[in-house]
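All remarks here apply to the structure that follows.
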Amino acid sequence: MSGNHKFFSPIDIHKLIFRIGEVSKICNVSPRQLRYWDQKGFIKSSRHDESSSRVYDFINLVRIGLIKSYLDQGYTLKAAVEHTDNKQETMRNIHRFLDHTVYGVKNTNGHTMINLGYFDKEKTSYLYGYLDDNNDTVYKVVPVDKKLD
DNA sequence: CTTCTTACA
DNA sequence: TGTAAGTA
């Protein structure tokens, strides 16, 4: 089973950009630190040319926030960056997995049922997953032609 | 007004 | 890492 590309972003997140002042306020990191991390290669900013202002996209905004959180937890900058690398790698894998796994979403008696694709090789039924009222994960195999509600 | 670099504490 | 200076 492969993703049906049903869930796409309505906006181009690569055009969601911030300059150093905004990043500083959002992430609680001083501009001085950001320039230092930049110089050290721990984060990368794009610039139209040398000496123009640094621009950060959303991914790097998140990255900076993660590094900051690890610093606050007591890690050294080097360690914080390593933890952030691992975290972002994990996030990428999770997103990739979901992109190719989630087949659709269906609302049924108060629950959001996630269609996880065909359950069997013969494609006779779907595997659905959802969270019940106690936030416990529940899986259900449902014939393709059967109505869910 | 914001950001940049450089330099000093 | 914070801050000051002089720019762009």
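Owing to the predicted nature of the structure, the values given are computational and were not obtained by experimental measurement. In what follows, chains carry the letters A, B, and so on, assigned in the order in which the sequence lines appear, proteins first and then strands, with residues in each chain numbered from 1.
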How long is the straight-line distance from [atom2] of [Y] back to [atom1] of [X], given to the nearest 0.5 Å?
{"X": "A/Phe18", "Y": "A/Tyr56", "atom1": "CZ", "atom2": "OH", "result": "12.5 Å"}
{"X": "A/Ser30", "Y": "A/Trp37", "atom1": "OG", "atom2": "CH2", "result": "8.0 Å"}
{"X": "A/Glu22", "Y": "A/Ile17", "atom1": "CD", "atom2": "CD1", "result": "9.0 Å"}

- By a strict heavy-atom criterion of less than 4.0 Å, which residues belonging to residues 20-40 of chain A are in contact with DNA chain B?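 Only A/Ile20, A/Gly21, A/Arg35 qualify.
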
- Message: What I want to find out is whether A/Glu89 reaches A/Arg92 closely enough, with some N-O distance under 4.0 Å, to be called a salt bridge.
- Response: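 Salt bridge: yes.
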
- Message: Check A/Lys15 with A/Asp57, please: is the shortest side-chain N to carboxylate O separation under 4.0 Å?
- Response: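 Here A/Asp57 does not pair with A/Lys15 in a salt bridge, since their nearest N and O are not under 4.0 Å apart.
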
- Examine A/Phe58 and A/Val55 and state if one hydrophobic cluster contains both, with Ile, Leu, Val, Met, Phe, Trp and Tyr joined whenever side-chain heavy atoms are less than 4.5 Å apart.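 No, A/Phe58 and A/Val55 fall in different hydrophobic clusters.
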
- Item | Plane angle bin for A/Tyr126 and A/Tyr118 - parallel if under 30°, tilted between 30 and 60°, otherwise perpendicular |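 The rings of A/Tyr118 and A/Tyr126 lie parallel, inter-plane angle below 30°.
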
- Message: With heavy atoms of chain A within less than 4.0 Å as the criterion, where does contact along DNA chain B begin and end?
- Response: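 Taking any atom under 4.0 Å from a heavy atom of chain A, the span is B/dT2 to B/dT5.
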
- Item | Counterpart base for B/dT3, defined by Watson-Crick or G-U wobble contacts under 3.5 Å |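 Result: none.
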
- Is there a side-chain contact between A/His111 and A/Leu131 (heavy atoms, below 4.5 Å)?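 No, their side chains stay 4.5 Å or more apart.
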
